[in-house]
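See below for the structure under consideration.
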Amino acid sequence: MPSSHTPRRIASLQPSATVILAAVGELDRLIACTKYCADVVPEVAAHPRITLADSWTANAEQIISAKPDLVIAAVPYQEKAVIEILKSGARFLGLAPKTLADIYQDIAIIAGSVGASTRGEEVIVGMQQGIEMIRARVAGLARPKVFCEEWGKPLIASQAWVAELVEASGGEFLGAPGRQISVEEVAQMDPDILIAAWCGAGDRVPLEKIVADRNWQETRAARTSRVYCIRDEHLNTPAPTLLRGLEALAVAIHPDLFAGTEGIRQITSALSSTAVNLLF
């Protein structure tokens, strides 16, 4: 693709798009992004960039003032936000991944749009190889039952790509990915492992409180202190960042096989918890 045809001023309303731009070596094209992008791409803070509202709360006037030639955002979120993006008149690339295959395709599309297709393919292969390395290490082992949630009120199971990562890490994902579920249903499934990765909460999920408030003290996970918080950015950012989430899942599911990693915190009892934040 001729360089004159590639966008030079990109506005990212989604952290995953910012991660992908960084991974393919094209972060210099990013002229505007959300405040959340720096949580997953610290380099964003090194050079001043215009701060925009995210995919949930997009604002046409903000986008117009940044003068991007491409806006990348996630859909479907708020219909009003999509309308605001379209009102800006900028070219719009909307992402709506559900599976790992969707994420690989998003990487290829973004990389292609900035003339970095070869680097995009390298990033995809690197993700696939990282996942397969974990899968090979857990092959043939017992598969504990894992309930992983992306939100607490209402209780919502994590997305399909997280379910795929749980399976690759040697666990059995419980519930329907991305769907609401009752606390009673989870208790009946009696998971061996409970994992909370709430959107926007970082690593601040109150593990002991949710176990007590939901009456999960008698689940196998609570009785054996296998209740974890994994950083939101590591599991809910559909981008190469997921490899960090994969490492954390592997530690939670097979701690005897994998050393500690950053971004995971473990409860020590149903009533109190202690942070576990070991370096990988």
Side-chain angles (χ1 to χ4, degrees), residues 39-40 130-131 133-135 137-138 141-159 161-175 177 181 183-237 241-280:
D39 292 338
V40 285
I131 292 170
M133 284 177 59
I134 298 293
R135 192 190 307 276
R137 290 186 66 182
V138 301
L141 298 180
R143 304 184 71 84
K145 298 183 297 182
V146 180
F147 178 71
C148 190
E149 61 185 73
E150 74 165 27
W151 195 242
K153 291 183 179 181
L155 183 57
I156 299 175
S158 293
Q159 295 297 315
W161 68 72
V162 177
E164 292 180 75
L165 294 180
V166 167
E167 295 290 336
S169 303
E172 176 190 347
F173 187 88
L174 298 178
I181 188 171
V183 296
E184 292 80 13
E185 288 176 287
V186 175
Q188 285 181 345
M189 292 188 290
D190 194 18
D192 298 297
I193 300 166
L194 288 165
I195 296 172
W198 290 359
C199 291
D203 60 358
R204 301 180 300 277
V205 179
L207 298 177
E208 64 282 352
K209 186 175 189 301
I210 63 174
V211 168
D213 288 354
R214 297 170 180 175
N215 293 317
W216 282 356
Q217 296 93 331
E218 295 307 312
T219 60
R220 183 183 297 272
R223 286 188 285 107
T224 57
S225 298
R226 300 190 71 183
V227 182
Y228 301 87
C229 169
I230 293 179
R231 286 193 68 87
D232 159 46
E233 297 90 349
H234 294 179
L235 280 184
N236 297 328
T237 304
T241 322
L242 290 177
L243 289 180
R244 299 178 194 168
L246 174 71
E247 291 173 354
L249 286 170
V251 170
I253 295 170
H254 288 292
D256 53 336
L257 189 61
F258 295 93
T261 187
E262 58 92 20
I264 182 170
R265 180 165 53 85
Q266 181 180 6
I267 204 170
T268 55
S269 77
L271 297 177
S272 63
S273 65
T274 299
V276 176
N277 194 21
L278 305 175
L279 294 178
F280 187 75

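All values below were derived from every heavy atom in this structure, side-chain atoms included, with hydrogens, water molecules and symmetry-related copies excluded. Count residues from 1 along the sequence. These figures come from a predicted structure and were not determined experimentally.
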Met189, CE atom: more than 12 neighbouring heavy atoms under 6.0 Å: yes

Worked verdict on Arg244 versus Glu262 for side chain to side chain contact (heavy atoms under 4.5 Å, CB included): CA-CA 8 Å; Arg244 299 178 194 168; Glu262 58 92 20; 3.9 Å; yes

If you take all heavy atoms of [X] and [Y], which pair is closest and at what distance?
X	Y	value
Phe147	Ala157	CE1-CB, 4.1 Å
Val205	Ala196	CG1-CB, 3.6 Å
Leu174	Pro191	CD1-CB, 3.7 Å
Ser169	Ile134	CA-CG2, 3.9 Å
Gly130	Leu246	O-CD2, 3.7 Å
Leu242	Leu235	CD2-O, 3.4 Å

Side chain to side chain contact (heavy atoms under 4.5 Å, CB included) between Ile253 and Val166, intermediate numbers included: CA-CA 8 Å; Ile253 295 170; Val166 167; 4.2 Å; yes

About how many Å separate [atom2] of [Y] and [atom1] of [X], when rounded to the nearest 0.5 Å?
X	Y	atom1	atom2	value
Leu194	Lys145	CG	NZ	11.0 Å
Thr219	Ile193	OG1	CD1	11.5 Å
Arg231	Thr241	CZ	OG1	11.5 Å

Side chain to side chain contact (heavy atoms under 4.5 Å, CB included) between Leu155 and Arg214, intermediate numbers included: CA-CA 11 Å; Leu155 183 57; Arg214 297 170 180 175; 3.8 Å; yes

Between [X] and [Y] (side chain of the first, backbone of the second, donor and acceptor by atom type, cut-off under 3.5 Å), is there such a pair?
X	Y	result
Gln217	Ala222	no
Trp216	Ala221	no
Asp232	Gly200	yes

Determine whether [X] and [Y] make a side-chain contact, defined as any pair of heavy atoms from C-beta on separated by less than 4.5 Å.
X	Y	value
Pro255	Arg226	yes
Tyr228	Cys148	no
Val183	Asn215	no

Salt bridge Arg143-Glu167, side-chain N to carboxylate O under 4.0 Å: yes

Set of side-chain hydrogen bond (donor to acceptor under 3.5 Å, both in side chains) partners for Gln159, sequence neighbours left out: Glu150

Counterpart residues, side-chain hydrogen bond (donor to acceptor under 3.5 Å, both in side chains), relative to Arg220 (two or more places apart): Asp192

Leu257: side-chain contact (heavy atoms from CB on, under 4.5 Å) partners, not counting sequence neighbours: Arg137, Val138, Leu141, His254

